[in-house]
2 protein chains.
Amino acid sequence: MAEHAPPASPEHEEKLERLLGIAAEIFAEKGYHAASIRDLSKRAGVSLSGLYYYFHSKQELLLMIQERSLRKVMDELSRKLEGVDRPEEKLRTLVHNHVGFFAENMAAMRVITHEYDALEGECRARMRQLRREYSNLCQEILREVRRFTSAGDVAPLNVATSALFGMMNWIYAWYTPGSNVPVERLAEHLYRLFTGGFIGHPSTSSAGRKAG
Amino acid sequence: MAEHAPPASPEHEEKLERLLGIAAEIFAEKGYHAASIRDLSKRAGVSLSGLYYYFHSKQELLLMIQERSLRKVMDELSRKLEGVDRPEEKLRTLVHNHVGFFAENMAAMRVITHEYDALEGECRARMRQLRREYSNLCQEILREVRRFTSAGDVAPLNVATSALFGMMNWIYAWYTPGSNVPVERLAEHLYRLFTGGFIGHPSTSSAGRKAG
DNA sequence: GTCTGGTTCGAACGCTCGATCGGTCAACCT
DNA sequence: AGGTTGACCGATCGAGCGTTCGAACCAGAC
């Protein structure tokens with residue numbers, strides 16, 4: 001192993017990022033197993049064997065796409081959470097960050113949610129760890145929200161967490177960015193649906209801004 | 001076409017159902033493209049070519065799994081909805097039916113939600129139609145709920161519908177039947193989360209049963 | 001016994017896939 | 001000028017894929 005160690009030169013990293021982006025698009029379109037390295041070769045304008053200079057295997061390519069993207073989501077969330085104290089506002093930040101990143105980076109996010117099972121062995125373990133971290137962070141925020149509001153035990157925390165991720169991740173199945181529902185509005189809708197529910201409760205809650 | 005028309009004899013149908021069940025399991029485990037007809041051949045104890053007596057192609061096999069399963073869900077829902085008048089109860093019935101069928105038929109439901117894009121051309125169109133019917137039914141129920149309750153315009157109906165399906169369909173990513181959360185309880189949790197939200201509203205709603 | 005038709009099978013075809021290997025070529029260092 | 005190295009490529013390998021085809025099996029009817 002370590003046959004061709006990543007030189008990490010800026011140009012190298014730049015081209016790698018470009019390849020990962022194109023690969024994410026292809027994986028998102030056709031699915032990991034149906035997509036071929038030859039597809040990537042054609043669309044990127046790089047020879048088949050030339051691609052293997054940037055990754056060891058198709059598996060590693062998939063892992064890099066997922067790991068880098070999810071890390072970006074988590075890093076940006078951490079940054080945005082600095083200075084935020086109110087639990088409900090933390091939750092709101094998480095939803096907006098997730099949905100926003102999702103809409104702006106549809107291909108990669110689709111690969112994360114849809115091709116997780118395509119990872120094998122060590123690769124799967126690495127992503128499982130990262131996903132768990134993210135999920136735990138979300139669950140802890142929910143715990144705070146519950147403690148600091150009148151939230152009863154409508155559902156166990158893990159069920160609520162999964163439900164929230166379900167709402168957010170299902171976006172890829174129906175939402176097309178640039179539709180009549182802008183991203184920020186969509187995020188706010190999902191946030192309110194989750195906290196207040198479809199029927200909603202009288203007043204409470206944060207932003208009074210509504211109007212359409 | 002119509003080379004070997006389905007004789008529809010009881011034994012034929014029975015064996016076909018068995019094959020579809022096993023195929024659903026394999027597709028659910030490895031994904032449509034990663035799974036091979038040879039896998040099905042081995043697990044079913046039928047020769048490779050013998051399988052093609054029951055379907056014309058891998059595509060048709062996938063279509064049959066999805067179409068039959070979703071139709072079952074919809075038929076059973078229609079049956080359960082007979083005699084139900086209150087909109088909220090209709091919604092509750094839909095959620096319980098969907099989640100219940102999901103948990104009891106995990107493989108097929110996973111194939112429906114996860115391998116829809118693996119369908120091509122005519123097959124995709126057929127399933128799109130069926131999915132649209134189901135989704136529309138759900139959306140109409142939500143419309144009724146909104147009209148007959150104090151439900152404000154927390155979110156557009158299509159967003160709410162998609163959010164609900166997201167919550168329900170995401171189950172396959174985390175829930176294992178027979179865990180510490182029984183299916184009926186899970187369904188009720190999701191129903192309440194969706195209608196009342198995570199923070200919830202004072203009283204309202206149906207079943208007063210809570211306790212843990 | 002033999003005919004018939006639904007059912008099953010072994011063997012093979014053509015194709016695409018992920019991955020490898022030896023080689024080329026410009027850029028840089030000494 | 002000679003040598004090293006990072007970046008890239010054409011050709012190819014072996015494996016597995018979906019699908020086909022003709023032959024065999026095996027009830028029950030005659």
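To find a chain, count down the sequence lines: A is the first, B the second, and so on, and within it residues start at 1.
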Task: Name of the residue among Leu94(A), Asn97(A), Thr93(A) meeting side-chain contact (heavy atoms from CB on, under 4.5 Å) with Leu81(A) - done: Thr93(A)
Task: Protein-nucleotide distance (Tyr52(B), atom OH; dT19(D), atom P), rounded to Å - done: 4 Å
TODO: Indicate for each nucleotide in nucleotides 21-28 of chain D, in 5' to 3' sequence, whether protein heavy atoms under 4.0 Å reach the base (B), only the sugar-phosphate (S), or nothing (-).
DONE: B-------
Open item on the list: Given the ring of Tyr32(A), does Lys58(A) sit roughly above its face, with NZ or CZ under 6.0 Å from the centre of the six-membered ring and within 45° of the axis?
Closed with: yes
Task: Salt-bridge criterion met for Arg192(A) and Glu188(A) (N-O under 4.0 Å) - done: yes
Open item on the list: Tell me if a side-chain donor or acceptor on His114(B) pairs with a main-chain N or O of His114(A) at a distance below 3.5 Å.
Closed with: yes
Open item on the list: Taking 4.0 Å as the cut-off, does a side-chain nitrogen or oxygen of His12(B) come that near to OP1 or OP2 on dT7(C)?
Closed with: yes
Open item on the list: Side-chain N or O of Lys15(A) versus OP1/OP2 of dA7(D): is the shortest distance under 4.0 Å?
Closed with: no
- [ ] Please determine, for the side chain of Lys58(A), which listed nucleotide (dG18(C), dC8(D), dT7(C)) has the closest atom?
- [x] dG18(C)
Task: Euclidean distance, atom CZ of residue Phe55(A) to atom C1' of dT20(C) [Å, nearest integer] - done: 14 Å
- [ ] Report yes if a side-chain nitrogen or oxygen of Tyr53(A) is closer than 4.0 Å to either non-bridging phosphate oxygen (OP1 or OP2) of dC8(D); otherwise report no.
- [x] no
- [ ] Report the relative orientation of the aromatic rings in Tyr134(B) and His98(B); use parallel for angles under 30°, tilted for 30 to 60°, perpendicular for over 60°.
- [x] parallel
TODO: Check the distance between dT7(C)'s P and Leu51(B)'s CG and give it to me in whole angstrom.
DONE: 14 Å
Task: Closest-nucleotide 5' rank along DNA chain D - winner of Ser57(B) and Val46(A) - done: Val46(A)
Open item on the list: My understanding is that only residues two or more places apart in sequence, or in another chain, count here; which of them pass side-chain contact (heavy atoms from CB on, under 4.5 Å) with Ser57(B)?
Closed with: Gln59(B), Glu60(B)
- [ ] Could you work out which one of dA7(D), dA19(C), dG6(C) sits closest to the side chain of Leu48(A)?
- [x] dA19(C)
- [ ] For the residue pair Tyr172(A) and Phe102(A), categorise the inter-ring angle as parallel (less than 30°), tilted (30 to 60°) or perpendicular (more than 60°).
- [x] parallel
- [ ] For Glu60(A) and dT20(C), give me the distance from atom CD to atom P, rounded to whole Å.
- [x] 12 Å
Task: Test: Arg110(A) and Asp117(B) ion pair at under 4.0 Å - done: yes
- [ ] Using the six-membered ring of Tyr116(A), assess whether NZ or CZ of Arg131(A) lies under 6.0 Å from its centre and within 45 degrees of the ring axis.
- [x] yes
TODO: Could you state the atom-to-atom distance from OH of Tyr54(A) to C1' of dA7(D) in whole Å?
DONE: 6 Å
Task: Residues within residues 32-44 of chain B bordering DNA chain D, heavy-atom distance below 4.0 Å - done: Ala35(B), Ser36(B), Ile37(B), Arg38(B)
